[in-house]
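Note that the structure is predicted; figures quoted are calculated from it, not measured.
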Amino acid sequence: MSEVRVRFAPSPTGALHIGGGHTALFNWLWARHNHGRFILRIEDTDLARSTKEYEETIMSGMVWLGLDWDEGPDIGGSYGPYRQSERLGIYRDYADQLVGMGRAYRDGGAIIFRVEAGQDISFRDIVYGQIDVMSDGLREKDSDKLKDIVIIKSDGMPTYNYAVVVDDHLMNITHVIRGEDHISNTPKQILLYRALGWDVPEFAHLPMILGRDKKKLSKRHGATSIYEYRDMGYMPDSMFNFLALLGWSAGDDKEIFTREEAAEWFELSRVTRKAAVFDFDKLNYINQEHLKALAPDVRLSMVRPFWEEAGLPVADVEASRGVKYLEDALTLMAGRGRTAKEMSEFSDYFVSFEPVKARWNAEGVDKEKLKPFFAAIFSHDSWKAEELEGVARSWIGQHEGAKMKDYAMPLRFALTGMKVSPGIFEVAELMGREECRKRLEFYGLL
RNA sequence: GGUCCCAUCGUCCAGAGGCCUAGGACACAGCCCUUUCAAGGCUGCGACGCGGGUUCGAAUCCCGCUGGGACCGCCA
């Protein structure tokens, strides 16, 4: 069997959105699963809306998601150029050929392919199965007239349905994997393949992605571009994992996986036909799972930007306490917070005392009652969480009516300024004796 | 108006005639753990859109209905 070649062919008229990312992802999976090639082609024939900036945005969005391509406008390849605006002569030649064969005609500056009635343009889709269509169905809207296909616009640019056929054939694409909204374009493209005397590639259409209201995902639903998710603190691994699960599953119960695992298990024939709703709850869950499983240094690299964005002195702390301290802090945080951003917010007290002071002022606290407890803790030689807890428990055991939470909570407030945190003795151990002393003294508790 | 597609818990998936009194995950509720909150463990809630067939037997096959959706652009 020949090498599998698939492509993602975005139009640079906007950022990489969820739907595009989903399509790119499935193409990538199929290419990697088959050890084939993944091609990036830019469909910039809409002069008015295409920009170089968007082209770059789309590429960086793919890079962020972890989708690398083997041929493309930036890296070249043996089937280039990979930008449609640089292939105009090619489209022109085949269009002229079609005119020469009498299959197309000129109308003003445009070239139009003639659609004849009675043609069976059915095809077998890998995902959707047999799709039966007759050319007689290719009508003009609100009319019973057959609708011919414009292949070259009067401005000289090729139309989508035509350029995609020429490029997919010339670039040797074996599987055309794209959104379900293209199913009804496929028969028209088949007409063109036949007229040009070319073999038709395999088609696999992917289910659409819907918003919570089951309407096609749009700006109305909030974040639609891939980058917005990065900025909210979602990790590329999670987005990849989540998107892969929209319309596909390995068949078993494995739901948290890496790109490599997904590529290994992926099968086009297992893709679902029903449109899928984009569910934030599930995305959050998947992100949390990945955040939990991350290596300490990677987790820090994910959270760090959000600490910095909040104005916390991350670099200073790293210089004075070492990077290990920051990594350990986040290891303690693993499983807390669904996004890197949340995790950064829930752990700011490790980086600075300032946010703690802003949150808590020790109001209404019976300091005289607490002082002996803290004094007992500080009188102990070791500063290990286990021992600190032991000291705390024995002190409480010796004081009639004393409850752990009545002492642990004030300690938590003084150290973190929050009512929730990891085990407070572990927090204390990591922060270190001196930092804890400083914070408790500030509040007059020591 | 025409062509095409889809239809299992609220959501994402499993299910390719008997293994289904329909399974898993998220969400939700409760319990356990516990210095807090998460995490983790356990339990619960919860679906085959409707109607006809075919068959000994249908979530699975066929037909109709209903309900969604896509496309019909010199946008892609």
So [X] and [Y], would you call those rings parallel, tilted or perpendicular, with 30° and 60° as cut-offs?
| X | Y | result |
| --- | --- | --- |
| A:F266 | A:W248 | tilted |
| A:Y94 | A:W198 | perpendicular |
| A:H175 | A:W30 | perpendicular |

Hey, do the aromatic rings of [X] and [Y] have their centres closer than 6.0 Å?
| X | Y | result |
| --- | --- | --- |
| A:F353 | A:F442 | yes |
| A:Y349 | A:W360 | no |
| A:F278 | A:F280 | yes |

By the 4.0 Å heavy-atom rule, please label [X] as base, sugar-phosphate, or nothing.
| X | answer |
| --- | --- |
| A:D132 | sugar-phosphate |
| A:R273 | sugar-phosphate |
| A:Q84 | nothing |
| A:T272 | sugar-phosphate |
| A:K188 | sugar-phosphate |
| A:E43 | sugar-phosphate |
| A:K403 | nothing |
| A:D46 | sugar-phosphate |
| A:S143 | nothing |
| A:R338 | sugar-phosphate |
| A:K147 | sugar-phosphate |
| A:H182 | base |
| A:L411 | nothing |

(request) Indicate yes or no: does A:R212 engage A:D279 in a salt bridge with an N to O separation below 4.0 Å. (result)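 Yes, this pair counts.
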(message) Using a strict threshold of under 4.0 Å (side-chain N to carboxylate O), is an ion pair present between A:D168 and A:R178?
(response)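 No, this pair does not count.
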Mind checking the [atom1] distance from [N] to [M]? Whole angstroms is fine.
| N | M | atom1 | value |
| --- | --- | --- | --- |
| B:rC48 | B:rC20 | C1' | 10 Å |
| B:rU8 | B:rG15 | C1' | 9 Å |
| B:rG10 | B:rC28 | P | 16 Å |
| B:rA59 | B:rA16 | C1' | 11 Å |
| B:rA70 | B:rA76 | C1' | 15 Å |
| B:rG24 | B:rA58 | P | 24 Å |
| B:rG23 | B:rC63 | C1' | 30 Å |
| B:rG68 | B:rC56 | C1' | 36 Å |

Strictly below 4.0 Å, heavy-atom distances to any atom of RNA chain B: list the hits from [range], or just say none.
| range | answer |
| --- | --- |
| residues 419-432 of chain A | A:K419, A:V420, A:S421, A:P422, A:G423, A:I424, A:F425 |
| residues 274-282 of chain A | A:K274, A:A275, A:A276, A:V277, A:D279, A:D281, A:K282 |
| residues 157-171 of chain A | A:T159, A:Y160 |

(request) At the 4.0 Å heavy-atom cut-off to chain A, mark where contacts on RNA chain B begin and end, going 5' to 3'. (result)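 The footprint of chain A covers B:rG1 to B:rA76.
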Using purine N1 to pyrimidine N3 plus N6-O4 or O6-N4 for Watson-Crick, or N1-O2 and O6-N3 for G-U wobble, both under 3.5 Å, which nucleotide pairs with [N]?
| N | value |
| --- | --- |
| B:rG46 | none |
| B:rG1 | B:rC72 |
| B:rG18 | B:rC56 |
| B:rG51 | B:rC63 |
| B:rA25 | B:rU11 |
| B:rG40 | B:rC32 |

(message) Both A:G337 and A:V150 contact RNA chain B. Taking the nearest nucleotide for each, which residue is further toward the 5' end?
(response)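 It is A:G337, whose closest nucleotide lies nearer the 5' terminus.
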(request) Specify the residue among A:D155 and A:G247 whose closest nucleotide of RNA chain B lies further upstream toward the 5′ end. (result)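 With A:D155 and A:G247 compared, the 5'-side residue is A:G247.
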Is a side-chain donor-acceptor pair under 3.5 Å present for [Y] with [X]?
| X | Y | result |
| --- | --- | --- |
| A:Y227 | A:S60 | yes |
| A:T159 | A:N161 | no |
| A:E71 | A:Y82 | yes |

Side-chain atoms of residues 99-113 of chain A: list all donor-acceptor pairs with protein atoms under 3.5 Å, sequence neighbours left out, distances to 0.1 Å.
unit_1, atom_1, unit_2, atom_2, d
A:Y105, OH, A:D148, OD2, 2.7
A:R106, NH2, A:D96, OD1, 3.3

(message) A quick test of your reading: do over 12 heavy atoms of other residues, nucleotides or ligands sit less than 6.0 Å from NZ of A:K371?
(response)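 Yes, the 6.0 Å shell around NZ holds more than 12 heavy atoms from other groups.
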(request) Assess whether side-chain contact (heavy atoms from CB on, under 4.5 Å) is satisfied between A:D348 and A:R359, documenting all intermediate values. (result) CA-CA 12 Å; A:D348 58 4; A:R359 282 192 290 262; 2.8 Å; yes
(request) Please confirm whether A:R259 makes a cation-pi placement over A:F240, using NZ or CZ under 6.0 Å from the six-membered ring centre and within 45° of the ring normal. (result)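 Yes - A:R259 lies over the ring of A:F240, closer than 6.0 Å to its centre and within 45° of its axis.
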(request) Identify the residue among A:D93, A:D44, A:D167 that makes a salt bridge (charged side-chain N to carboxylate O under 4.0 Å, His left out) with A:R87. (result)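 One option only clears the test, and that one is A:D167.
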(request) If a pair satisfies ring pair (Phe, Tyr, Trp, His ring centres under 6.0 Å) and one of its residues is in residues 125-158 of chain A, list it, with sequence neighbours excluded. (result)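 Residue pairs with at least one partner in residues 125-158 of chain A: there are none.
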